[in-house]
Amino acid sequence: MPKELPPQYNPKDVEDKWYKLWEKKGFFQAKIDKKKKPYTIVIPPPNITGELHMGHALNNTIQDILIRWQRMSGKEALWLPGTDHAGIATQNVVEKQLKREGLNRHQTGRAAFINKVWRWRNEYGRTIIKQLKKLGSSCDWSRERFTLDEGLSEAVKEAFIRLYKKGYIYRGRYIINWCPRCLTALSDIEVEYTEEKGRLYYIKYPLKGTKDEFIAVATTRPETMLGDTAVAVNPRDKRFKKLIGKTVILPLQNREIPVLADDFVDPKFGTGAVKVTPAHDAADFLVGQRHRLEAPVVIDRQALMTAEAGSPYQGLTREKCRQQVVEDLIKEGLLLKEEDYLHAIGKCYRCHTVVEPHLSLQWFVKMKKLAEPAIKAVKSKKIHFFPPRWEKFYLSWMKEIKDWCISRQIWWGHQLPVYYCRRCRKKIGDKPEDTKTGIIVSRIKPDKCPVCKSKEIEQDEDVLDTWFSSALWPFSTLGWPKKTRDLGYFYPTSALVTDRGIIFFWVARMIMMGLEFIKNIPFKHVYIHGTILDELGRKMSKSLGNGIDPLDMINRFGTDAVRFSLISLTSEGQDVLLSESKFEMGRNFANKIWNLARFVLRNLNDYRPLTKNLKIEEFNPADAWIMSRLERIIGQVETSLRKYRFNEAALSIYNFLWHEFCDWYLEISKIDLGEKNHRRITQEILCRILEKSLRLLHPFAPFITEEIWQKLPHQGETIMLAPWPRVNHKLINPAAEKSMAVLITIITAVRNLRGEINIAPAEKVDILIRTTASSSRRIILENNQILKNLAGIKDLRIKNKIEKPKLCATAIVNKFEIFMPLEGLIDIQKEKERLKKEIDRTKEGISQVEIRLLNEDFLQKAPRDVVEKTKNSELQLKAKLDKLDTSLKTLI
RNA sequence: GUCCCGUUAGCUCAGCUGGUUAGAGCGCCGUCUUGACAUGGCGGAGGUCGUCCGUUCGAGCCGGACACGGGACACCA
């Protein structure tokens with residue numbers, strides 16, 4: 001028998017309780033069941049250094065909604081969780097810790113350092129997991145993975161070796177983005193650009209063998225001139241034609257460098273002549289390659305000037321050196337001018353240090369061939385993007401994909417499965433470009449060199465880019481490279497839910513790797529949700545201090561409120577401007593549901609479940625209406641979810657429960673519960689509607705729905721595994737909907753009249769209704785009591801013909817004329833004003849309709865029902881105007 | 001520079017295939033502590049749908065131009 005609910009909903013009392021139970025009972029766990037279809041989502045693994053922020057909250061709420069919905073729908077639903085080792089980020093955290101102890105990682109040594117990171121991970125690395133649980137995420141924790149765990153490390157090695165054997169991985173000297181603070185290479189997309197004020201310096205490079213002829217170049221980075229090996233001009237630039245092939249003297253260094261022609265030079269920019277520094281600029285590097293220039297390195301890995309820069313520059317920071325160079329140029333009279341210049345500066349996306357282009361030896365993956373099938377998979381609609389515009393975005397990037405620099409000069413990560421035979425490498429003088437001699441790519445460290453049998457074998461020091469392991473995530477987590485049953489059953493996954501920021505970092509690479517290694521797409525749908533911004537549309541960040549902490553919000557409003565609010569705010573991948581007050585909506589809704597449930601439970605004291613099915617014939621119009629409405633909502637929610645329109649789904653349920661079930665049915669039920677012969681059926685309907693609605697709401701608000709559901713008559717152990725509501729077409733009842741619409745219209749009209757004339761709710765009024773529609777008359781007579789109660793009516797008379805009282809307020813809706821006698825009730829002056837206003841509004845309506853009806857084309861070409869509707873509305877408006885006019889005359 | 005997104009009520013945003021007088025939440029005004037809920041009920045005020053042009057019988061929605069705001073990518077010597 002039904003139980004009580006406390007008067008106030010307190011999320012803290014129920015959330016942890018249910019989460020623990022769900023987890024303990026294994027409700028989150030997915031098993032291979034050939035009779036069921038799988039539905040798989042693999043979590044975008046949060047960094048172990050991460051703390052749950054609003055972006056995570058939205059991302060994981062969406063995934064949880066999908067998983068809970070599919071689980072209830074009878075799929076074998078797997079949400080596979082895990083964390084990412086986050087190479088640079090994690091190493092930074094632990095290095096900071098070391099620094100506090102007065103150490104750096106080079107002092108502790110590699111093994112000890114890695115050990116320390118592992119200890120840190122074991123201690124703090126699961127914070128985010130705990131936070132995901134607070135959010136209600138129904139992940140299968142028994143399958144939780146970590147990108148550095150044993151299985152995944154195997155997968156990484158396997159992938160590397162296979163790609164290497166296919167010739168897709170190579171080692172090369174290349175100019176890459178280098179972070180002088182993290183001391184590692186960064187891929188192109190790991191560099192963030194910010195607009196900053198800089199200066200553009202115009203420098204004279206004297207022409208050799210002349211007195212004072214020179215060529216002027218412009219640069220924002222004068223310190224790099226120490227490494228210049230040429231000056232380049234555009235071959236079609238007439239100004240410089242004569243100078244091509246000549247030699248200039250590089251100032252400060254007194255080195256001779258050639259003037260050469262290259263198409264990349266834009267004659268319109270600066271002076272039209274460019275200094276070329278192959279070792280310190282990406283574009284210059286390519287020029288250097290084309291023209292076989294030397295590439296002296298004048299800035300080292302820590303962004304200090306090298307010996308090659310010469311004195312007095314050696315050892316200076318790049319910033320100091322810039323000052324020095326400028327000073328020296330001025331002294332020598334070689335600085336023509338400087339001007340302010342706004343340009344974008346590349347910074348490390350982790351630590352925001354200015355990136356230094358750096359010439360070094362790195363490992364790369366050739367991407368062109370891998371990209372081809374990945375492009376095809378999206379073009380042929382095997383993979384769908386939601387919203388679809390991201391498809392174009394993805395394709396445009398894939399078309400111009402560049403090779404992927406996968407080596408990182410840090411310690412925390414997957415060390416490359418690459419070994420060098422010292423002896424063989426020596427023989428060739430360790431030419432880095434030689435990627436055959438003395439290089440062994442192997443799962444385990446070889447005992448000896450297969451060529452020379454030397455035992456002097458060492459492993460490459462570099463580790464792989466974090467995204468390399470992430471790229472394998474959808475299948476490595478399922479056991480690959482082993483041919484596991486999981487892989488066969490759960491792969492390809494159903495949906496990937498993520499943010500637009502990592503489409504290239506991650507989504508594209510997963511598609512390529514999935515197709516390469518499994519020969520199948522990693523997921524069918526990619527849902528890209530919006531980004532959470534603050535009230536002013538800025539990104540939330542620690543430095544701005546404008547972040548809203550989801551855990552704080554959960555603490556204050558409850559998890560369900562946070563989830564529900566977030567979801568109702570985010571429509572189809574649009575960004576969300578969030579403020580704390582937005583969560584009140586969810587909290588208020590939770591409160592509403594709670595009280596609705598309290599009402600239902602309170603009225604079940606003498607409830608005996610019906611042994612037979614509900615009989616439709618026993619329904620009164622309100623019963624049939626609410627049952628029908630719920631079925632329609634079920635259909636809408638299903639459709640919305642299929643289209644990834646989460647806000648639409650959430651708001652459908654919200655509006656149904658609040659504005660239909662609570663506002664109308666519940667109020668009507670207060671009458672019906674008092675009717676002896678209808679009490680039982682009303683109880684039954686209250687129960688059923690609430691129970692079914694809770695199931696519909698459960699994916700959005702898992703905790704409160706479980707708490708209430710448990711107290712209602714139900715089948716099964718948990719709402720989590722209760723069946724997802726399916727539309728029962730037999731219950732859809734247009735006639736009942738129409739009847740109820742009549743009642744609602746009239747009640748609303750009477751309430752409007754009362755409100756406008758300012759009659760206190762407690763004061764009962766008399767109402768006369770005139771109508772010619774006999775069916776409507778029947779409905780009103782049958783539901784007389786509802787009308788009286790909900791509209792505050794003392795006496796209600798309804799007839800075909802009825803005499804209109806002398807002094808009355810009139811409302812005309814549909815086929816009804818509603819009169820409210822006003823004798824002794826009103827201020828006549830006020831009523832006059834009201835009538836005038838109403839008349840104006842009606843006239844405006846009529847003129848709009850008339851314009852339309854005067855148009856012959858409209859009458860001919862518009863669909864018949866539209867014409868009918870318009871004609872009807874004209875008649876109604878005219879009739880209304882008539883009545884209003886007479887009313888006004890009566891008053892005067 | 002190229003591409004994408006946005007511009008609808010004071011604020012934040014819905015509005016799916018064009019069709020009666022354009023909606024929600026918050027805020028605001030009035031009113032009500034009635035046995036589910038004041039985190040509430042009832043009623044109300046508030047909109048030339050960014051601007052202009054076009055297509056159409058009919059445009060918030062379709063096409064074009066422009067303006068403003070936001071983002072991505074590229075270039076930035």
Side-chain angles (χ1 to χ4, degrees), chain A residues 5 7-9 189 193 198 200 217-221 224 232 264-266 269-271 273-277 281 283-284 341-345 387 389-390 392-393 396-397 400 500-501 503-504 531 533 535 537 557 561 565 568-569 571-579 581-582 584-585 587-603 639-640 643 645 647-648 651 654-655 659 662-663 666-667 670 748 751-752 754-756 758 760-762 792 841-842 844-846 848-849 852 855-863 865-874 876-877:
Chain A
L5 284 174
Q8 199 70 41
Y9 175 54
I189 45 183
Y193 289 89
L200 193 58
V217 298
T219 179
T220 53
R221 302 199 57 199
T224 61
F264 100 103
V265 182
D266 174 4
F269 189 88
T271 61
V274 187
K275 59 192 267 322
V276 180
T277 323
D281 183 279
D284 292 4
Y341 181 64
L342 198 67
H343 64 149
I345 293 188
R389 71 187 130 98
W390 295 110
K392 260 203 283 178
F393 184 67
S396 69
W397 189 75
E400 282 164 45
R500 62 165 176 265
I503 294 181
F504 304 145
T531 308
L533 305 169
E535 286 169 278
F557 300 106
S565 300
S568 0
L569 285 171
S571 62
E572 269 249 281
Q574 281 301 323
D575 289 352
V576 180
L577 270 63
L578 195 70
S579 61
S581 61
K582 297 266 165 80
E584 286 169 10
M585 180 231 190
R587 180 201 54 186
N588 296 355
F589 183 45
N591 179 259
K592 191 76 181 175
I593 295 164
W594 188 255
N595 284 298
L596 156 66
R598 290 210 308 139
F599 174 85
V600 173
L601 287 171
R602 172 176 293 189
N603 286 294
T639 314
S640 298
K643 289 192 277 189
R645 291 167 169 260
N647 67 322
E648 209 176 74
L651 292 174
Y654 176 95
N655 283 324
H659 298 303
C662 288
D663 287 356
L666 193 141
E667 293 304 324
K670 287 176 182 171
T748 310
R751 280 175 177 172
N752 287 357
R754 297 175 55 117
E756 280 173 12
N758 224 335
R841 245 177 83 177
T842 313
E844 201 187 308
I846 292 175
Q848 283 192 24
V849 173
R852 178 169 295 202
N855 189 327
E856 275 192 34
D857 282 331
F858 170 71
L859 297 176
Q860 278 171 24
K861 292 181 187 170
D865 58 318
V866 174
V867 176
E868 280 307 305
K869 275 182 186 172
T870 315
K871 279 183 179 168
N872 265 339
S873 86
E874 192 202 19
Q876 270 178 40
L877 284 167

Test item: Asp281(A) and Thr224(A) side chains (from C-beta on) under 4.5 Å apart, heavy atoms: no

Geometric cation-pi criterion Arg852(A) and Phe858(A), 6.0 Å radius, 45° cone: yes

Whether Tyr9(A) and Trp594(A) hold their rings parallel, tilted or perpendicular, with breakpoints at 30° and 60°: tilted

Length of the line joining Ile503(A):CD1 and rC3(B):P, which is rounded to integer Å: 19 Å

Atom-to-atom span, CG of Asn603(A) to P of rG35(B) - whole angstrom: 14 Å

Distance, nearest 0.5 Å, that separates NZ of Lys592(A) from CG of Asp663(A): 6.0 Å

C1' spacing across the pair rA59(B) / rU55(B), given as an integer number of angstrom: 10 Å

Leu859(A) CG to Thr870(A) OG1 distance, which is reported to the nearest 0.5 Å: 9.0 Å

Carboxylate-amine/guanidinium contact Asp575(A) Arg500(A), below 4.0 Å: yes

Worked check of side-chain contact (heavy atoms from CB on, under 4.5 Å) between Asn591(A) and Gln8(A): CA-CA 8 Å; Asn591(A) 179 259; Gln8(A) 199 70 41; 3.8 Å; yes

Sugar-phosphate, base or nothing in reach of Arg598(A), heavy atoms under 4.0 Å: sugar-phosphate

Integer-rounded Å distance: rC37(B) P and Trp594(A) CH2: 14 Å

CG on Leu578(A) to OG1 on Thr531(A), rounded to 0.5 Å: 12.5 Å

Pairwise P distance, rC49(B) and rU7(B) [rounded to whole Å]: 14 Å

Sugar-phosphate, base or nothing in reach of Gln8(A), heavy atoms under 4.0 Å: base

Span that lies between the P atom of rC61(B) and that of rU8(B), in whole angstrom: 14 Å

RNA chain B: 5'-proximal contact among Thr748(A) and Leu666(A) (nearest heavy atom): Leu666(A)

Spacing of the C1' atoms in rG70(B) and rG50(B) (rounded, Å): 15 Å

Shortest side-chain distance from Arg602(A), nucleotide among rU39(B), rC4(B), rG35(B): rG35(B)

Gap between atom NZ of Lys275(A) and atom CG of Asp284(A) - 0.5 Å precision: 6.5 Å

Value in whole Å for how far the C1' atom of rG27(B) lies from CG of Asn588(A): 14 Å

Atom-pair distance (CG on Leu533(A); P on rG71(B)), nearest Å: 9 Å

Nearest-Å distance once atom C1' is located in both rG47(B) and rG23(B): 11 Å

Below 4.0 Å: OP1/OP2 of rG25(B) and any side-chain N or O of His659(A): yes

Separation between the P atoms of rC52(B) and rG19(B), rounded to whole Å: 22 Å

Atom pair distance, as rounded to whole Å: CG in Leu596(A) and C1' in rG41(B): 15 Å

Interatomic distance, Asp284(A) CG vs rC76(B) C1' [rounded to whole Å]: 12 Å

Dot-bracket line, read 5' to 3' along RNA chain B, where crossing pairs take [ ] and | marks a partner on another strand, Watson-Crick or G-U under 3.5 Å: (((((((..((((.....[...)))).(((((.......))))).....(((((..]....))))))))))))....

Ionic contact status for Lys670(A) with Glu667(A), cut-off 4.0 Å: yes

B/S/- contact track for nucleotides 8-20 of chain B, protein heavy atom under 4.0 Å: ----SSSS---BB

5'-most by nearest nucleotide on RNA chain B - Phe589(A) or Arg389(A): Arg389(A)

Sugar-phosphate only, base, or nothing, as touched by Leu859(A) at under 4.0 Å among non-hydrogen atoms: nothing

Spacing of the C1' atoms in rC16(B) and rC76(B) (rounded, Å): 43 Å

rU33(B) and rC37(B), which share atom name P, separated by this distance in whole Å: 15 Å

Listed nucleotide nearest any side-chain atom of Asn752(A), set rG41(B), rU39(B), rG44(B): rG44(B)

Touch class at under 4.0 angstrom, heavy-atom based, for Asp663(A) against every strand present: sugar-phosphate

N/O (side chain, Lys392(A)) to phosphate O (OP1/OP2, rC3(B)) under 4.0 Å: no

Protein-nucleotide distance (Trp390(A), atom CH2; rA72(B), atom C1'), rounded to Å: 7 Å

Between NZ on residue Lys861(A) and CG on residue Asn855(A), distance to nearest 0.5 Å: 9.0 Å

Touch class at under 4.0 angstrom, heavy-atom based, for Thr220(A) against every strand present: sugar-phosphate

Any Asn655(A) side-chain nitrogen or oxygen under 4.0 Å from OP1 or OP2 of rA24(B): no

Between CZ on residue Arg598(A) and CG on residue Asn595(A), distance to nearest 0.5 Å: 5.0 Å

